[in-house]
2 protein chains.
Amino acid sequence: MGFSKKHIFDEQQNQAALITKVLGHPARISIIQHISQNKCCNCNELVQNIGLAQPTISQHLNEIKKIGLLDQDAKGKNLFYSINVDRLNDCRRIINDFFVKTQINCCK
Amino acid sequence: MGFSKKHIFDEQQNQAALITKVLGHPARISIIQHISQNKCCNCNELVQNIGLAQPTISQHLNEIKKIGLLDQDAKGKNLFYSINVDRLNDCRRIINDFFVKTQINCCK
DNA sequence: ATTTATTATCGTAATATTGCAATATATAAA
DNA sequence: TTTATATATTGCAATATTACGATAATAAAT
């Protein structure tokens, strides 16, 4: 046990769960907020501001990349991250749809 | 290691992360949808429909309860679950705020 | 009182996540 | 070429999550 059973759920359910799972850690919420507030934010800046070790930040960045929320732009030795706004809006729509449909079902 | 560091994040960040973490599993997405579609849905019905063992469903229900999304109404030996719509809308607002603020920051 | 049905809890195994030190990699500067 | 800086990867320890069988608890029905 301990294994995943996502095959018994449909595409939409797995998609909504994947997005919320990635958002389901305060470090990742914080990283996304910080990048959005400081366009062209590099890894080091996140390490300084958030207070987690560099490998830990790097790991969380990878999780966020999994749902396509990050663009990156290498400039010299720096790697600047920014939010992919189109994908952000996709995610927002997917999660909001879940809430709206649930709410409508409850009240009819 | 392996321990949580949520004390380095603010209340809002932890709140958003807690809500999304609970939603971050397809079984819980499915359970919430099923309860919303069938008002007064008991545990057994979820077990039948979702295809996970009864203790597993019970465990997921407990996770969902942690963010106040479930009301329960004991009728005889049955325990009927329903969605707390006020709390659902709270959660929706909290998550949507996160998306909207992030999007605004990106584009100014 | 015994049986039946429903849900919760306990115990446990498998796996996943979180966090970091150490190290590797890559690029720029000296 | 050596040094410095930025990021990624590896390896590992601690903890959390997921899933389920077994069992307990509760309430109705016989």
Side-chain angles (χ1 to χ4, degrees), chain A residues 1-9 13-14 17-31 34-35 38 40-67 70-82, chain B residues 1-9 13-14 17-31 34-35 38 40-67 70-82:
Chain A
M1 297 100 209
F3 49 82
S4 167
K5 276 205 159 184
K6 69 175 173 179
H7 61 280
I8 68 173
F9 304 102
Q13 290 166 336
N14 281 318
L18 180 63
I19 293 166
T20 47
K21 187 178 184 183
V22 169
L23 298 180
H25 192 291
R28 293 192 285 268
I29 293 285
S30 180
I31 287 171
H34 201 270
I35 293 176
N38 306 273
C40 293
C41 171
N42 66 0
C43 178
N44 236 12
E45 203 175 308
L46 294 166
V47 172
Q48 300 306 317
N49 273 277
I50 292 177
L52 290 170
Q54 181 268 321
T56 307
I57 295 290
S58 201
Q59 209 170 353
H60 282 303
L61 285 169
N62 263 320
E63 292 300 309
I64 302 171
K65 280 181 206 167
K66 277 187 190 165
I67 54 168
L70 292 183
D71 286 336
Q72 48 192 27
D73 181 21
K75 281 219 173 97
K77 42 189 178 178
N78 286 277
L79 185 48
F80 292 105
Y81 291 101
S82 58
Chain B
M1 295 100 207
F3 48 82
S4 166
K5 276 206 159 184
K6 71 174 172 178
H7 61 280
I8 69 172
F9 305 103
Q13 290 167 336
N14 281 317
L18 180 63
I19 293 166
T20 48
K21 187 178 184 181
V22 168
L23 298 179
H25 192 290
R28 293 193 285 269
I29 293 284
S30 180
I31 288 171
H34 201 269
I35 294 176
N38 305 275
C40 294
C41 169
N42 67 359
C43 179
N44 236 12
E45 205 175 307
L46 294 166
V47 172
Q48 301 305 317
N49 274 277
I50 293 178
L52 290 170
Q54 181 268 322
T56 307
I57 295 290
S58 203
Q59 209 172 353
H60 282 302
L61 285 168
N62 264 319
E63 293 300 310
I64 302 171
K65 280 180 205 166
K66 278 188 190 165
I67 54 167
L70 292 182
D71 286 335
Q72 47 191 30
D73 180 21
K75 281 217 173 99
K77 42 189 180 180
N78 287 278
L79 185 48
F80 292 105
Y81 291 102
S82 57

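All values below come from the heavy atoms of this structure, side chains included, with hydrogens, waters and symmetry mates left out. Reminder, nothing fancy here: chain letters follow the sequence lines and each chain counts from 1. The model shown is predicted, which means the values in this text are computed figures rather than measured ones.
Going from atom NZ of B:Lys75 over to atom C1' of D:dA28 covers 15 Å, rounded to whole Å.
Side-chain atoms of A:Glu45 and A:Tyr81, non-hydrogen and from C-beta on, never get closer than 4.5 Å to each other. Using a 4.5 Å heavy-atom threshold, the side chains of B:Asn78 and B:Asn44 count as separate. At a threshold of 4.5 Å between non-hydrogen side-chain atoms, the residues B:Leu46 and B:Ile35 count as touching.
Residue A:Gln59 has its side chain nearest to C:dC20 when only D:dA6, C:dC20, D:dA8 are considered. Minimum atom distance to the side chain of B:Leu79 is reached by C:dA8, of the listed D:dC20, C:dC20, C:dA8. Counting only heavy atoms from C-beta on, B:Lys21 has its side chain closest to D:dA16 among D:dA8, D:dA6, D:dA16. Candidate nucleotides C:dC20, C:dA5, D:dA6 were compared by shortest atom distance to the side chain of A:Leu52, and C:dC20 ranks first.
One finds a side-chain N or O of B:Asn42 lying less than 4.0 angstrom from the OP1 or OP2 phosphate oxygen of C:dT7. OP1 or OP2 of D:dA8 lies within a sub-4.0 Å distance of a side-chain N or O belonging to A:Lys65. The side chain of A:Lys5 places an N or O atom within less than 4.0 Å of a non-bridging phosphate oxygen (OP1 or OP2) of D:dC20. The phosphate of D:dC20 has OP1 or OP2 within less than 4.0 Å of a side-chain N or O from B:Thr56. When the side-chain nitrogen and oxygen atoms of B:Ser58 are compared with OP1 and OP2 of C:dT7, none of them lie within a distance under 4.0 Å. B:Tyr81 has a side-chain polar atom (N or O) that falls below the 4.0 Å cut-off from OP1 or OP2 of C:dA8. The phosphate of C:dG19 (OP1 or OP2) has a side-chain N or O of A:His25 nearer than 4.0 angstrom. The phosphate of C:dT17 (OP1 or OP2) has no side-chain N or O of A:His60 nearer than 4.0 angstrom.
Toward the 5′ end of DNA chain C lies the nearest nucleotide of A:Arg28, the other residue of the pair A:Pro55 and A:Arg28 mapping further downstream.
The two atoms that bring B:Ile50 and B:Ala27 nearest to each other are CD1-O, 4.5 Å, heavy atoms only.
Looking at B:His60, B:Gln59, B:Lys66 one by one, the single match for side chain to side chain donor-acceptor pair (under 3.5 Å) with B:Glu63 turns out to be B:Lys66.
Scanning atom types as modelled, one donor and one acceptor separated by under 3.5 angstrom connect the side chain of B:Gln54 and the base of C:dA8.
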